[in-house]
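What follows is one structure encoded as structure tokens, with my remarks underneath.
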Amino acid sequence: MIKTLKISFSLRNTYRVNSILYSLKQIPLVKRLLPAALYQVRGLKIFANILSLLWEVLAVFLGKGLYLLIMVAPATYGLDRRTVFLHILVLLSILGSFSNTYMFNGGKDKYYALISLRMNAREYTLVNYGYAILKVIAGFLPFAVLFGMAARIPLWQCLMIPFFVAGLKLTVAAWRLEEYQRKGTAYNENRLQKVGWLLIVLLLAAAYGLPALGILIPGTASVLFMAASIVSGLVSVRTILRFPSYREMYQEILKHNENQLDQAAKIQREQGNRLITKDVAGIESSQKGFEYLNELFIRRHQKILWKSVRRQAAVCAGIAAVLLAAFWRMPDLKEKINELIMTYLPYFVFIMYAINRGTGFTRALFVNCDHSLLTYSFYKQPGAILRLFQIRLREIIKINLLPAAVIGAGLAVLLYASGGTDNPLNYGVLLVSILCMSVFFSVHYLTIYYLLQPYNAGTEIKSGTYQLVLTVTYAVCFLFMRLQMPTLLFGGMTILFCVLYCIAACVLVYRFAPRTFRIRA
């Protein structure tokens with residue numbers, strides 16, 4: 001067992017170290033200072049190993065601490081802190097028990113160990129899964145006590161939290177293993193079906209939406225559920241230890257990982273091709289030059305670019321209509337909605353980030369257009385790049401403005417119907433600030449696509465800087481969910497920031513895109 005753990009950790013660490021070295025090579029200002037034979041430099045490999053070890057420690061402790069700090073602890077909604085804390089914790093733990101199992105994912109480390117090196121599947125799984133569960137308990141324990149006590153939760157209940165989270169994961173893992181024995185179909189958390197995504201949305205809505213309406217799981221019920229999960233987890237250990245078909249199960253889970261990079265690119269292209277209009281005979285344009293190219297691209301990619309935003313707009317309009325109807329049946333709801341709209345506008349930064357089609361638009365551009373045309377010299381001339389950037393920026397803004405306009409108008413109507421505001425300027429700020437958020441993300445994603453162009457000829461993302469920017473964007477937008485600020489103040493700041501960012505982005509593209517917009521090696 002110890003030997004298996006050492007080999008597993010060595011594999012994972014080697015992959016992580018190589019990824020760190022590759023990422024360093026992708027940073028524009030750093031790569032010039034690094035030697036060509038980067039992977040042979042002992043000092044850099046030692047540095048990368050230290051970073052890898054730090055990452056392992058941070059993953060154990062800091063990740064759990066940030067999870068409780070950002071996702072659970074700050075939310076009070078003006079209600080009992082203990083009950084709200086336990087309510088959110090229980091629902092998010094249920095979500096994580098099937099979406100982050102540690103067992104049913106097809107990571108590269110599993111592929112290398114079980115498929116390439118043919119390690120003992122049962123021993124490898126038990127050792128690594130046991131290590132993952134121990135990390136959950138160790139990582140949650142100090143922060144569960146810290147934040148739990150701050151929420152006025154008794155110490156004995158705080159000590160239950162890490163074992164509750166681990167017990168829930170063990171229970172779901174055992175259930176999935178039994179399901180595999182009955183049906184012969186392996187669960188893969190990396191390939192969630194529509195039901196799985198729907199469950200995630202419902203659990204998130206219940207975790208954060210119900211407290212806003214004053215609806216909470218009673219504290220006693222949460223504690224009883226936690227205790228039951230711990231007992232269930234202990235019972236589930238027997239099923240996990242006795243499961244006989246780990247190799248067969250992982251062969252099914254990992255079959256999509258063979259030739260992983262090429263396969264992923266192939267699947268991505270096939271998925272994109274299914275959404276492209278094949279009948280080009282009826283697609284015509286009266287435009288010329290790059291306008292002609294752009295119009296043909298937009299028309300052929302209607303399903304990719306417009307279908308989802310129309311659905312988003314319809315869903316947002318439906319939610320607004322439901323709330324308006326609820327005002328007639330539940331008058332007390334008006335005051336709560338009015339207060340939320342007037343103080344929680346920063347929350348919509350994350351919503352606009354989530355629904356923005358920027359990454360999908362740029363991926364479609366590269367896979368189905370730039371991937372081929374960037375091989376021609378005329379397409380890489382500064383004038384051509386800048387002209388296409390302007391045209392594409394116009395198109396992506398148009399696409400993203402549809403749901404943004406519905407959300408902005410819906411918020412203004414809900415504000416008016418829920419009692420209104422003393423300052424009529426708030427109505428306009430609500431609408432314009434939401435539109436500006438949409439414009440910002442449209443400009444942001446297209447700009448980093450042109451400045452960092454992350455794809456190689458195989459349509460694989462090969463830019464560590466690009467991925468870092470996406471991660472930072474997500475983190476910043478997520479933190480906005482915890483910010484409360486008057487609508488007029490935050491809306492005004494949003495509008496000003498959007499204008500300044502758009503100007504800066506256009507200047508950067510003008511100066512640097514002719515040198516950076518290339519297919520990566």
Side-chain angles (χ1 to χ4, degrees), residues 95 99 192-209 212 268 271-272 274-277 297-326 337 340-341 344-365 367-368 392-415 417 430-446 449 470 473-474 476-478 480-481 491 494-495 498:
L95 187 158
S99 63
L192 289 178
Q193 303 300 315
K194 291 181 178 179
V195 175
W197 287 111
L198 178 61
L199 185 58
I200 289 175
V201 172
L202 291 177
L203 286 170
L204 286 173
Y208 296 108
Q268 191 177 71
Q271 289 175 340
R274 286 198 295 269
L275 295 173
I276 298 174
T277 302
F297 175 83
I298 294 297
R299 290 190 177 187
R300 288 200 67 197
H301 295 78
Q302 288 287 325
K303 292 181 180 179
I304 296 176
L305 303 177
W306 280 100
K307 188 175 181 180
S308 62
V309 295
R310 291 192 181 107
R311 287 179 177 175
Q312 290 170 356
V315 169
C316 293
I319 293 173
V322 169
L323 288 174
L324 286 172
I337 296 297
L340 287 174
I341 293 175
Y344 277 88
L345 183 59
Y347 195 96
F348 283 88
V349 173
F350 186 80
I351 293 177
M352 299 310 299
Y353 159 82
I355 69 173
N356 192 275
R357 295 289 300 150
T359 51
F361 182 80
T362 54
R363 186 183 301 113
L365 282 176
V367 173
N368 300 311
R392 289 169 169 180
L393 184 58
R394 181 193 68 211
E395 294 299 331
I396 190 174
I397 288 175
K398 283 165 53 179
I399 291 168
N400 288 316
L401 278 181
L402 176 59
V406 173
I407 292 174
L411 288 175
V413 171
L414 287 171
L415 178 61
L430 270 175
L431 175 59
V432 176
S433 63
I434 293 294
L435 296 178
C436 283
M437 291 178 198
S438 175
V439 171
F440 162 74
F441 285 114
S442 301
V443 174
H444 178 66
Y445 284 119
L446 191 63
Y449 171 63
L470 292 184
T473 302
Y474 167 79
V476 172
C477 293
F478 189 85
F480 271 106
M481 296 174 67
T494 300
I495 296 169
C498 177

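Source: prediction; values computed, not measured. Computed over heavy atoms, backbone and side chain alike; hydrogens, waters and symmetry mates excluded.
Annotation for Pro403 and Ile399: closest pair CD-O, 3.7 Å, computed over non-hydrogen atoms. Leu431 and Ala409 get closest at one heavy-atom pair: CD1-N, 3.6 Å. In terms of heavy atoms, Cys498 sits closest to Cys436 at SG-O, 3.2 Å. In terms of heavy-atom proximity, Val309 sits nearest to Trp306 at CG2-O, 3.1 Å. Here the closest heavy-atom approach between residue Val406 and residue Cys316 is recorded as CG1-CB, 3.9 Å. Of all the heavy atoms in Arg392 and Leu446, the pair that sits closest is C-CD2, 3.8 Å.
When atom types are taken as modelled, the side chain of Asn400 and the backbone of Arg357 share a donor-acceptor pair closer than 3.5 angstrom.
When the salt bridge (charged side-chain N to carboxylate O under 4.0 Å, His left out) test is applied to Arg311, no partner is found at least two apart in sequence or on another chain.
Taking 4.5 Å as the limit, some side-chain heavy atom of Met352 sits within range of a side-chain heavy atom of Ile407. Between Leu199 and Leu203 there is a side-chain heavy-atom pair separated by less than 4.5 Å. Contact check for Leu430 versus Ile434: no side-chain heavy atoms found under the 4.5 Å cut-off.
Leu435 contributes atom CG, which lies 15.0 Å from atom CZ of Phe440 (distance to the nearest 0.5 angstrom). Rounded to the nearest 0.5 angstrom, Ile319 CD1 and Leu324 CG are separated by 12.0 Å. Summarising the geometry, atom CD1 belonging to Ile351 is positioned 10.0 Å from atom CG belonging to Leu345; distances are rounded to the nearest 0.5 Å. The CG atom of Leu393 sits 7.5 Å away from atom OG of Ser442, with the distance rounded to the nearest 0.5 Å. Distance check, rounded to the nearest 0.5 Å: NE2 of His444 to CD1 of Ile396 gives 11.0 Å. The distance from the OH atom of Tyr445 to the OG1 atom of Thr473 is 6.0 Å, given to the nearest 0.5 Å.
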Report task. Evaluate the side chain to side chain contact (heavy atoms under 4.5 Å, CB included) criterion for residues Leu411 and Leu415: first the C-alpha distance (whole Å), next the side-chain angles of each, then the deciding distance (0.1 Å), finally the verdict. Result -> CA-CA 6 Å; Leu411 288 175; Leu415 178 61; over 6 Å; no
Report task. Test side chain to side chain contact (heavy atoms under 4.5 Å, CB included) on Tyr353 and Val349 and set out the steps. Result -> CA-CA 6 Å; Tyr353 159 82; Val349 173; 5.6 Å; no
Requested in this report: For the pair Cys477 and Phe441, evaluate side chain to side chain contact (heavy atoms under 4.5 Å, CB included) and give the outcome as yes or no after the intermediate values.
Outcome: CA-CA 11 Å; Cys477 293; Phe441 285 114; 3.5 Å; yes
**Report entry** Residue pair Tyr449, Arg363: steps toward the side chain to side chain contact (heavy atoms under 4.5 Å, CB included) verdict
**Finding:** CA-CA 9 Å; Tyr449 171 63; Arg363 186 183 301 113; over 6 Å; no
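Using a 4.0 Å cut-off between charged nitrogen and carboxylate oxygen, Lys398 and Glu395 count as a salt-bridge pair.
Using cut-offs of 30° and 60° for the angle between ring planes, the Phe350 and Phe478 rings count as perpendicular.
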